[in-house]
Amino acid sequence: MTDSVTAPKAEKLAAIKGMNDILPPDSARWEALEDNVRSLMRAYAYENIRTPIVEHTALFVRGLGEVTDIVEKEMYSFEDKLNGDRLTLRPENTAGVVRAAIEHSLLYNGGKRLYYMGPMFRHERPQRGRYRQFHQIGAEALGFGGPEVDAEVILMAHALCQRLGIADVELQINSLGQPGERNAHRAALIAHFEAHHDALDAEAKRRLHLNPLRLLDSKNPAMQDVITAAPKLMDFLGEASKAHLAAVRGMLDANGVAHTVNHRLVRGMDYYNLTVFEFVTMQLGAQGTICAGGRYDYLMEQVGGKPAPAVGWAMGMERVLELIAQQALPVAALDAYALVTDVAFFPRVHQCLEALRQRGVRVQMQAAVDGALPGMKAQFKRADNSGARFALIFGADEMADGVVTIKALRDPQAAQLRQPLADVAQWAQSLQSAA
Ligand code: ATP
Ligand code: MG
């Protein structure tokens with residue numbers, strides 16, 4: 001046996017930087033957000049999909065593109081020690097959803113509307129609104145090519161913001177056109193930036209011939225003039241691409257969804273074409289994009305499936321929750337707290353509480369502390385601090401008479417009730433009908 005006095009204390013372990021514990025009571029706000037999302041997705045008939053958080057590295061390299069922030073520097077990749085596979089913690093979930101759709105032939109019967117919620121991993125510098133494990137809500141409409149589905153997913157993200165009471169958010173939209181149009185624009189972009197080579201920073205110089213579109217995304221203040229003067233992709237779009245954007249915008253207008261066209265909106269992943277969009281707020285400092293998405297008609301093919309058009313978005317849950325931090329998401333309060341004077345009563349206490357819980361009463365039970373039950377006064381204090389509306393008292397008198405005493409904790413006028421244990425369901429019912 002080790003001597004507990006002299007044995008060295010185990011070293012304290014902390015969570016990984018940029019990866020957060022989500023603790024009560026804050027976790028209740030997460031649950032409320034998740035409840036909201038589920039009911040919204042049901043209304044739009046999007047079905048839940050759950051894919052692994054680890055995928056083959058190749059999926060993201062092929063899907064997102066080699067010259068992207070994520071693939072170049074943000075992925076948590078490692079080798080599976082047992083078989084040498086190159087694996088990556090998912091940095092986003094569109095590629096995984098598309099992989100699963102192909103693998104399980106989800107589109108055999110036409111389009112599929114899917115949603116997910118869950119953790120994503122990116123090795124970024126942790127700061128407000130930017131973490132290494134963060135969470136996204138995502139919607140993906142696979143197998144749909146028409147602008148009506150671009151509009152549908154945007155309306156859905158807009159509706160979610162409305163439900164959550166997020167006002168102050170701007171919808172920005174752009175079109176990235178089709179690959180051919182982008183190539184013509186790309187050549188013009190390279191020519192433009194080459195002519196202003198001295199104004200470019202090292203990162204921009206490196207990317208100039210690899211992925212010049214991403215230069216438009218640069219936040220470097222010294223480069224803003226040369227970026228503003230750059231050729232606009234919009235001027236290279238053909239009639240069909242312009243018509244697609246106009247159709248999406250028309251449907252948003254018809255539904256009163258205000259939006260602005262941002263020519264510099266290019267998005268971080270290579271897989272987008274035609275419509276791209278972001279919901280941006282000024283209230284979160286530099287990390288103002290709460291939701292981002294667009295059309296990705298070539299991703300299916302890119303990861304080895306039959307060609308199929310698609311459109312979707314992802315929303316950062318941490319940013320959304322920070323935005324609604326001030327405003328209370330409804331969190332269920334305790335209905336009742338059970339006070340118990342003797343451990344011998346627990347079998348009957350459990351019976352009674354089970355009956356109440358089956359009828360939707362939210363009840364917490366006093367448990368023994370170091371093998372003994374606290375005194376009545378201490379238990380009442382805990383009941384009071386719990387926020388419960390009622391105290392349920394299981395004492396010796398009550399047990400002898402087969403009743404429970406019910407005391408309203410928030411209403412000094414209310415009379416105490418002695419409710420027969422055989423009949424607690426009736427009290428539960430009166431609670432529900434009063435609510
Ligand atoms: P940013 O420009 O802020 O890096 P991004 O283009 O990399 O964003 P997306 O990949 O489009 O972001 O992800 C969609 C949403 O997920 C973002 O708008 C944001 O709300 C959220 N998000 C992305 N990265 C993080 C992160 N590291 N921490 C918290 N939320 C994030
Ligand atoms: Mg990023």
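Note that ligands are numbered from 1 as they come in the structure, with each ligand's atoms numbered from 1 the same way. Keep in mind it's a predicted model, so treat the numbers as computed, not measured.
Between His192 and His196, the ring planes are tilted. Angles from 30° to 60° get that label. Using cut-offs of 30° and 60° on the angle between ring planes, the pair Tyr44 and Tyr46 is perpendicular.
Closest to atom 30 (N) of ligand 1 among all protein heavy atoms lies Phe134 CD1, 3.4 Å. For atom 18 (O) of ligand 1, the closest non-hydrogen atom on the protein side is Thr289 O, 3.0 Å. Closest protein heavy atom to atom 28 (N) of ligand 1: Tyr131 N, 3.0 Å. Atom 3 (O) of ligand 1 has as its closest protein heavy atom Arg130 NH2, 2.9 Å. The shortest contact between atom 27 (N) of ligand 1 and any protein heavy atom is with Glu124 OE2, 2.6 Å. Of the protein's non-hydrogen atoms, the one nearest atom 14 (C) of ligand 1 is Gln136 NE2, 3.3 Å. Among protein heavy atoms, atom 29 (C) of ligand 1 sits closest to Gly129 O, 3.2 Å. Closest to atom 12 (O) of ligand 1 among all protein heavy atoms lies Arg122 NH1, 3.7 Å.
Residue contact check: Ala314 has heavy atoms under 4.0 Å from atoms 14 (C), 15 (C) of ligand 1. Of all atoms in ligand 1, listed by their number and element, those nearer than 4.0 Å to a heavy atom of Ala292 are 11 (O). Atoms of ligand 1 found under 4.0 Å from any heavy atom of Ile290 (numbered from 1 in listed order, with element): 18 (O), 20 (O). Near Arg267, the atoms of ligand 1 lying under 4.0 angstrom from a non-hydrogen atom of the residue are 6 (O), 9 (P), 11 (O).
Two residues are said to be in side-chain contact when any heavy atoms from C-beta on lie closer than 4.5 Å; His158 and Leu171 fail this criterion.
The presence of a protein heavy atom under 4.0 Å from atom 22 (N) of ligand 1 is confirmed.
Under the side-chain contact (heavy atoms from CB on, under 4.5 Å) criterion, Ala383 pairs with Tyr337, Leu339, Leu409, not counting sequence neighbours.
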Kindly list each side-chain donor-acceptor pair under 3.5 angstrom involving residues 216-226, sequence neighbours excluded, with atom names and distances?
from: Asp217; atom 1: OD2; to: Arg214; atom 2: NH2; distance (Å): 2.7
from: Ser218; atom 1: OG; to: Asn220; atom 2: N; distance (Å): 3.1
from: Asn220; atom 1: OD1; to: Ala222; atom 2: N; distance (Å): 2.9
from: Asn220; atom 1: ND2; to: Asp201; atom 2: OD2; distance (Å): 2.8
from: Gln224; atom 1: OE1; to: Arg264; atom 2: NH1; distance (Å): 3.1
from: Gln224; atom 1: OE1; to: Arg264; atom 2: NH2; distance (Å): 2.8
from: Gln224; atom 1: NE2; to: Ser218; atom 2: O; distance (Å): 3.2
from: Gln224; atom 1: NE2; to: Asn220; atom 2: O; distance (Å): 2.7

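Annotation: cation-pi geometry satisfied between Arg113 and Phe144 (NZ/CZ under 6.0 angstrom from ring centroid, within 45° of ring axis).
At least one heavy atom of Arg319 sits closer than 4.0 Å to an atom of ligand 1.
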- Task: Take Arg29 and Asp26, measure what salt bridge (charged side-chain N to carboxylate O under 4.0 Å, His left out) needs, and give me the verdict at the end.
- Result: CA-CA 5 Å; Arg29 301 176 59 248; Asp26 203 37; 3.0 Å; yes

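In terms of modelled atom types and a separation under 3.5 Å, the side chain of Arg249 and the main chain of Val261 share no donor-acceptor contact.
Using a 4.0 Å cut-off between a side-chain N of Lys or Arg and a carboxylate O of Asp or Glu, Arg319 and Glu322 do not qualify as a salt bridge.
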